[in-house]
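To keep things clear, I will list the structure first and then write my remarks on it.
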Amino acid sequence: MDANPLVPAAYDIVFSLVWLVVCAYAVVALVSAVRDRRTDGIRFLLWFLIIVLLPVIGPTAWFVIRPREGEGVSENSAE
């Protein structure tokens, strides 16, 4: 019996799911970068390019290297 050309092979389904997860990971990283108030101007542009051009390494770098909430001087530390 011949294989139906309309039914995708298992590797097509797996590849599509992996691609979907990578895209979602990049979108989450981009949203996180946009919402981060400490990232603006040229720093945001650089992070945007890194996240978009390096789909797995870029978002991972963002989540590992990005500034954290407690870093730096906050306005409430003077109280």
Side-chain angles (χ1 to χ4, degrees):
M1 189 174 222
D2 292 330
N4 186 348
L6 299 177
V7 177
Y11 62 85
D12 287 335
I13 295 171
V14 170
F15 179 77
S16 297
L17 290 175
V18 168
W19 181 83
L20 198 69
V21 168
V22 168
C23 286
Y25 189 46
V27 167
V28 169
L30 284 173
V31 168
S32 175
V34 167
R35 294 183 60 153
D36 190 356
R37 295 180 186 197
R38 292 172 300 272
T39 306
D40 58 351
I42 193 73
R43 287 182 66 182
F44 173 74
L45 179 63
L46 289 174
W47 274 115
F48 178 83
L49 291 174
I50 290 170
I51 292 170
V52 170
L53 296 177
L54 304 170
V56 174
I57 298 169
T60 302
W62 167 253
F63 288 122
V64 171
I65 300 173
R66 72 178 171 167
R68 302 284 185 234
E69 288 291 328
E71 291 181 0
V73 177
S74 68
E75 295 174 14
N76 295 334
S77 64
E79 293 181 44

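Hydrophobic clustering, with ILVMFWY side chains joined whenever heavy atoms are under 4.5 angstrom apart, keeps V56 apart from V52. Under a hydrophobic clustering in which Ile, Leu, Val, Met, Phe, Trp and Tyr are joined whenever their side-chain heavy atoms come within less than 4.5 Å, directly or via other members, L49 and V31 fall into different clusters.
For the pairing with I51, the side-chain contact (heavy atoms from CB on, under 4.5 Å) check across V27, L30, L46 returns one residue only, L30.
Taking each heavy atom of P59 and A29 in turn, the nearest pair found is CB-CB, 3.6 Å. Considering every non-hydrogen atom in both R43 and R38, the closest pair reads NH1-O, 4.1 Å.
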Side-chain donor/acceptor pairs under 3.5 Å, residues 11-23, sequence neighbours excluded:
from: S16; atom 1: OG; to: D12; atom 2: O; distance (Å): 2.9

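For the pair W47 and I65, the minimum side-chain heavy-atom distance is below 4.5 Å.
With sequence neighbours excluded, the residues forming a ring pair (Phe, Tyr, Trp, His ring centres under 6.0 Å) with F63 are Y25, listed by chain and number. With sequence neighbours excluded, the residues forming a side-chain contact (heavy atoms from CB on, under 4.5 Å) with V64 are T60, listed by chain and number.
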